[in-house]
*Asks:* 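First, the structure itself, so that you have it in front of you.
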Amino acid sequence: MASTDIDRGVRGLRDRKKHYSIFSLARQAGDYHQGWQQAWRHAEPKPEYDAVIIGGGGHGLATAYYLASVHNMTNIAVIEKGWLGGGNTGRNTTIIRSNYLWDESAAIYEHAMKLWEGLAQDLNFNIMFSQRGVLTIAHSEHELKEMSRRVHAIRLNGIDSDILSPEEIKKFVPIMNMDPAIRYPVMGGFLQKRGGTARHDAVAWGYARAADDMGVDIIQNCEVVGLRRQGRKITGIETTKGLIKTRKVGCVVAGHSSVLADMAGIRLPIASRPLQALVSEPIKPILDTVIMSNAVHMYISQSDKGEMVLGAGVDKYNSYAQRGSFPVPEHMLAAAVELFPVLSRLRMLRHWGGIVDTCPDASPILSRTDIEGLYFNCGWGTGGFKATPGSGHVFADLIANDRPNEIAAPYALNRFETGLLIDEHGAAGVAH
Amino acid sequence: MLEIKCPYCGPRDEEEFSCGGEAHIARPLSENSLSDKEFADYLFYRDNPRGVFLERWRHAAGCRRWFNVARDTLTHHILEIYPMGAKPVSKAGRAAYNANWRRDSQAEIAAQPASQKTNKTSSAKR
């Protein structure tokens, strides 16, 4: 397990004029909100940086933030092809939990959970982190037994986890259909009370604003088209805004990791697949927790706006198209309506897909590569959002020190050669 | 949603099919001659192109037969469907087959019967 005293770096903003608080809100209200400052600069690339992070999603921005705040590397840039958080950061279903089976997973996801708890203060940004609990339900005797084994393993790692009986579930989630005669009856479940949700856009914005405050250049609408290297050393990146020299490049581009690896002439054991989600019209509060079911491939929560947020499993084929096939959400909605008959006449407002980077063992890759100065943070597959702060924190450490710390070490690329896989298909295969 | 033309049953909805991932991965015959790194190429490393991808599909809820598909992962357009054991014939399909790093991998060379091995290494192309 990771030590509990995490180096969170500098807390809050250096520029006190930009500090958000109840007083700044009152002051701005008196001024008709005319005086708010830009959250981050529109930076143009400098000719050279100490390190460049490719990918302006949550993980990339978190990496940049911790490089600056913990490792004092402020002459760095984040390069983003589109807009901040416009990829999987803005497409996930915002679920946060750390109840994974294996020690290696517990270490990194719990590391993230501890950073989530207090992240709003670190960043001086309301990320709407809500520890409303995540309840995973079981639909068969066998699944229930497997679940209790999992719960014991999770508790041994010091992570909160409780088995709930059908009676307790009925009390906890009154709208759930507990009829034992349905196709997949609810036989029990396990709850992580510290789990919950956060506003995904705010996570990207909060990290961007805090990183920018420390001098990190955030460069949007700038696509990487090539990697420059001299022998086995990285010397720079070629972008649509010109050449940027640097000796350290961190790639945090999720579904497009293989494309960047190809530019570098290396390979990753990653398959890019579509993952779909959808939200309903907003309704009054009916669900104050997160429900997941691995057996029927469904997870659901209600956003602060009142929309029901639903997610499904990955599509069965590789794709870079940011859309999937209709049967996937159709099956998921059928399961949702059986479990929550109250949803049957709810209309769905938006439906989208993101391209996720799935790994053979459903665990991420945080690794150096054969090329000096080139680092990859990828393979989070269907469940990267929950790990955002932990991923960034550990990856920043890897880039700054050029060696993996004890949390990152098991996630090196060579595990696919040694066979020391971290098989989390049970915790992550579907509803990650 | 994809409409896939099963070579044996005709066009059907994607839901009737299962996808078997990258096509043309031969199991090394002499795996003991390979290093762990080379064997990982066979076991875990898969082609993941943004563009034409050669993959296997099975008509799981129909004739249950396997076949190969050349499909663009960016547009989902199916370029070609061809039988197991065959190689793609379309220009884009052939290009994707030849450009795959696996053609030059030790694992694939070790998958060839001994008589063909010299032939294979000399024809390894890029």
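A, B, ... follow the sequence lines: proteins, then strands. Residue 1 opens every chain. Atoms considered below: every heavy atom in the structure, side chains included; atoms not considered: hydrogens, waters and symmetry mates.
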*Asks:* Of all of A:Gly255, A:Pro274, A:Ser319, A:Ser258, which one pairs up most often with chain B through heavy atoms under 4.5 Å apart?
*Replies:* A:Ser319
*Asks:* Around atom CZ of A:Arg228, are there more than 12 heavy atoms from other residues, nucleotides or ligands closer than 6.0 Å?
*Replies:* no
*Asks:* Are there more than 12 heavy atoms of other residues, nucleotides or ligands under 6.0 Å from atom CZ of B:Arg64?
*Replies:* no
*Asks:* Within a reach of under 6.0 Å around OH of B:Tyr8, are more than 12 heavy atoms found that belong to other residues, nucleotides or ligands?
*Replies:* yes
*Asks:* With a 6.0 Å cut-off (strictly less than), is the heavy-atom count around CD of B:Glu16, excluding the residue itself, greater than 12?
*Replies:* yes
*Asks:* Please tabulate, for the side chains in residues 78-88 of chain A, all donor-acceptor contacts under 3.5 angstrom to protein atoms that are two or more places apart in sequence or on a different chain.
*Replies:*
residue: A:Glu80; atom: OE1; partner: A:Gly56; partner atom: N; Å: 2.7
residue: A:Glu80; atom: OE2; partner: A:Gly82; partner atom: N; Å: 2.8
residue: A:Asn88; atom: ND2; partner: A:Ile355; partner atom: O; Å: 2.8

*Asks:* Between the main-chain N or O of A:Phe416 and the side-chain N or O of B:Lys37, is there a donor-acceptor pair closer than 3.5 Å?
*Replies:* no
*Asks:* Which members of residues 39-49 of chain B, sorted by number, sit under 4.5 angstrom from chain A on a heavy-atom basis?
*Replies:* B:Ala40, B:Asp41, B:Phe44, B:Tyr45, B:Arg46, B:Asp47, B:Asn48, B:Pro49
*Asks:* Highest number of heavy-atom pairs under 4.5 Å with chain A: which of B:Arg71, B:Arg50, B:Glu55, B:Met1?
*Replies:* B:Arg50
*Asks:* Distance from A:Tyr317 atom OH to B:Trp57 atom CH2, nearest 0.5 Å?
*Replies:* 7.0 Å
*Asks:* Heavy atom to heavy atom, less than 4.5 Å: which residues from residues 74-81 of chain B reach chain A?
*Replies:* B:Leu74, B:Thr75, B:His76
*Asks:* Looking at chain A, which one of B:Gly20, B:Cys19, B:Gly21 has the largest number of heavy-atom pairs inside 4.5 Å, strictly under?
*Replies:* B:Cys19
*Asks:* Rounded to the nearest 0.5 Å, what's the gap from OG1 on B:Thr73 to CZ on A:Arg273? Could you check?
*Replies:* 12.5 Å
*Asks:* Taking non-hydrogen atoms and a cut-off under 4.5 angstrom, which of residues 262-271 of chain A neighbour chain B?
*Replies:* A:Arg267, A:Leu268, A:Pro269, A:Ile270, A:Ala271
